[in-house]
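One is the number of the first residue; the rest follow in order along the sequence. Excluded from the calculations below are hydrogen atoms, water molecules and symmetry mates; all remaining heavy atoms, backbone and side chain alike, are included.
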Amino acid sequence: QVRLVESGGGLVQAGGSLRLSCAASGIMSSINAMGWYRQAPGKQRELVASITRGGSTNYADSVKGRFTISGDTAKATVHLQMNSLKPEDTAVYCCYVVTQLRDYVYWGQGTQVTVSS
């Protein structure tokens with residue numbers, strides 16, 4: 001019954017903004033971390049941003065200064081505010097959750113972000 005639901009993806013012009021959201025349910029454990037990966041055709045999967053139970057955040061160098069992650073592991077929700085978007089940001093963005101129990105990783109289905117030039 002574990003479910004991760006992402007929303008907020010779409011089509012935006014270069015320089016625009018999008019806000020992604022992810023809500024997890026059915027996880028029978030405390031959550032150690034949540035975050036976002038992305039993968040574009042022909043490119044390696046990239047960890048975009050993460051946030052831990054203690055509130056620490058990390059970002060890929062390619063998005064520092066443009067993206068902001070926020071969330072609440074206790075509520076199992078996470079957001080990614082994406083500003084100054086570039087065509088290179090085009091990818092499928094997937095939310096993930098890492099549980100305290102057994103460090104198990106759950107994944108969402110992903111949401112498409114397309115940035116036009």
Side-chain angles (χ1 to χ4, degrees):
Q1 298 292 339
V2 173
R3 186 183 182 194
L4 277 67
V5 179
E6 300 116 323
S7 62
L11 174 65
V12 66
Q13 292 184 339
S17 298
L18 287 172
R19 186 172 188 261
L20 306 183
S21 297
C22 177
S25 62
I27 297 176
M28 301 293 102
S29 171
S30 297
I31 295 172
N32 279 344
M34 301 183 71
W36 298 88
Y37 275 88
R38 69 184 181 186
Q39 186 157 32
K43 297 182 180 180
Q44 294 182 331
R45 187 176 66 174
E46 178 183 31
L47 177 60
V48 178
S50 64
I51 184 167
T52 69
R53 186 195 304 170
S56 298
T57 59
N58 287 283
Y59 298 91
D61 289 342
S62 58
V63 306
K64 287 181 179 177
R66 300 187 297 120
F67 291 10
T68 302
I69 190 169
S70 62
D72 187 340
T73 58
K75 297 179 180 179
T77 59
V78 66
H79 309 279
L80 187 67
Q81 179 66 45
M82 305 185 294
N83 298 327
S84 301
L85 283 162
K86 304 174 181 180
E88 305 92 273
D89 296 317
T90 296
V92 174
Y93 286 70
C94 292
C95 173
Y96 73 90
V97 171
V98 182
T99 66
Q100 181 181 39
L101 181 63
R102 301 176 183 177
D103 284 328
Y104 194 84
V105 182
Y106 293 97
W107 295 89
Q109 292 296 313
T111 185
Q112 177 70 46
V113 171
T114 302
V115 184
S116 62
S117 60

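Tyr59 places a side-chain heavy atom less than 4.5 Å from the side chain of Ile69. You'll find the side chain of Gln112 reaches within 4.5 Å of the side chain of Thr90, heavy atoms only. Asp103 has its side chain within reach of Val98: a pair of non-hydrogen atoms, C-beta onward, lies under 4.5 Å apart. Counting heavy atoms from C-beta on, the side chains of Ser70 and Gln81 never come closer than 4.5 Å. Residues Arg53 and Ser30 have side chains in contact (heavy-atom distance under 4.5 Å, counting atoms from C-beta outward). With a 4.5 Å cut-off on side-chain heavy atoms, Thr73 and Asn32 do not count as touching. Here the side chains of Val78 and Ile51 are in contact, with some heavy-atom distance below 4.5 Å. For the pair Val115 and Gln13, the minimum side-chain heavy-atom distance is 4.5 Å or more.
Atom CG of Leu18 and atom CG of Leu11 lie 8.5 Å apart (nearest 0.5 Å).
Judged purely by distance below 3.5 Å, without hydrogens or angles, the side chains of His79 and Ser21 pair a donor atom with an acceptor atom. Thr111 and Arg38 form no side-chain donor-acceptor contact under 3.5 Å, judged by distance and modelled atom types alone.
There is a path of hydrophobic side-chain contacts, each under 4.5 Å, that joins Val63 to Val113. Note: the hydrophobic cluster containing Val2 also contains Val97 (ILVMFWY, side chain heavy atoms under 4.5 Å, direct or indirect links). Hydrophobic clustering, with ILVMFWY side chains joined whenever heavy atoms are under 4.5 angstrom apart, keeps Val92 apart from Met82. Following chains of ILVMFWY side-chain contacts shorter than 4.5 Å, one cannot reach Tyr96 starting from Met34, and the two form parts of different hydrophobic clusters.
Between the side chain of Glu6 and the backbone N or O of Cys95, at least one donor-acceptor pair lies under 3.5 Å. Not one N or O on the side chain of Tyr106 forms a donor-acceptor pair closer than 3.5 Å with the backbone of Ala24. Between the Thr99 side chain and the Tyr104 main chain, a donor and an acceptor come within less than 3.5 Å of each other.
For Glu88, the salt bridge (Lys or Arg N to Asp or Glu O under 4.0 Å) criterion is met by no residue, not counting sequence neighbours. Checked against side chain to side chain donor-acceptor pair (under 3.5 Å), Arg66 has the following partners two or more places apart in sequence or in another chain: Asp89. Listed by chain and residue number, Asn83 satisfy the side chain to side chain donor-acceptor pair (under 3.5 Å) test with Ser17 (two or more places apart in sequence, or in another chain).
The number of heavy atoms from other shown groups lying within 6.0 Å of CD (Gln109) does not exceed 12.
For Ala14 against Ser117, the heavy-atom pair with the smallest separation is CB-CA, 4.4 Å.
Here the two rings, on Trp107 and Tyr37, have centers that are under 6.0 Å apart.
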